[in-house]
Amino acid sequence: MFNLFKKKEKTKKELPPGTIRKEFHFEGTVQNIGFRFEVQSHSKPLGITGYAKNNEDGSVTAQLQGNLENINKVILDLQNIDRIQIDFISEKDIPLDYYENDFSIIY
């Protein structure tokens with residue numbers, strides 16, 4: 001009758017040509033100042049999907065998926081916000097997520 005516990009099947013979506021995914025690790029004054037929300041608010045209008053999450057050591061990890069130009073714009077914009085002090089950024093290329101369709105903040 002009801003399928004309350006039936007899992008929704010995820011559908012693999014077609015990604016635009018040139019789509020990449022990068023993981024960034026931010027160190028500095030990046031917690032308790034709305035940093036994850038800034039990552040999200042700069043990413044979503046550009047069609048970037050992914051997530052941002054706090055780490056126990058005071059750093060933030062973010063995965064951004066979109067085209068390189070827009071990803072670079074988000075990172076540059078974050079570095080130009082006065083209340084944010086980014087002392088170090090590491091980045092690495094990671095595999096695409098064909099099932100992701102939004103940008104989220106992980107708590």
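Inter-residue side-chain proximity for His25 and Ile89 is flagged as unmet; no heavy-atom pair is nearer than 4.5 Å. Counting heavy atoms from C-beta on, the side chains of Val30 and Ile86 come closer than 4.5 Å. A heavy-atom distance below 4.5 Å is found between the side chains of Asn72 and Leu68. Here the side chains of Leu64 and Ile75 are in contact, with some heavy-atom distance below 4.5 Å. Residues Phe24 and Val39 have side chains not in contact (no heavy-atom distance under 4.5 Å, counting atoms from C-beta outward). Using a 4.5 Å heavy-atom threshold, the side chains of Lys12 and Tyr99 count as touching. Side-chain contact check for Ile71 versus Gln65: every heavy-atom pair is 4.5 Å or farther apart.
Grouping Ile, Leu, Val, Met, Phe, Trp and Tyr by side-chain contacts under 4.5 Å, direct or through others, puts Ile105 with Phe37, Tyr107.
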Listed pairs under 3.5 Å, donor-acceptor, residues 48-55 side chains, sequence neighbours left out:
unit_1, atom_1, unit_2, atom_2, d
Thr49, OG1, Glu100, OE1, 2.8
Tyr51, OH, Gln63, NE2, 3.0
Asn54, OD1, Arg36, NE, 3.4
Asn55, ND2, Ser59, OG, 3.0
Asn55, ND2, Thr61, OG1, 2.8

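When the side-chain hydrogen bond (donor to acceptor under 3.5 Å, both in side chains) test is applied to Asn67, no partner is found at least two apart in sequence or on another chain.
To the nearest 0.5 Å, the span separating NZ on Lys13 from CG on Leu96 amounts to 10.5 Å.
Among residue pairs with one or both ends in residues 83-94, those qualifying as salt bridge (charged side-chain N to carboxylate O under 4.0 Å, His left out) are Lys22-Glu91, Lys22-Asp93, Glu23-Lys92, Glu38-Arg83; sequence neighbours excluded. Applying the salt bridge (charged side-chain N to carboxylate O under 4.0 Å, His left out) test to residues at least two apart or on different chains, none of the pairs has a partner in residues 55-66.
Note on Ile106 and Val60: separate hydrophobic clusters, where clusters join Ile, Leu, Val, Met, Phe, Trp and Tyr whose side-chain heavy atoms are under 4.5 Å apart, directly or indirectly. Leu78 is connected to Ile20 through a chain of hydrophobic side-chain contacts under 4.5 Å among Ile, Leu, Val, Met, Phe, Trp and Tyr, so both are in one cluster.
For Thr19 (side chain) and Leu15 (main-chain N/O), no donor-acceptor pair under 3.5 Å exists by modelled atom type.
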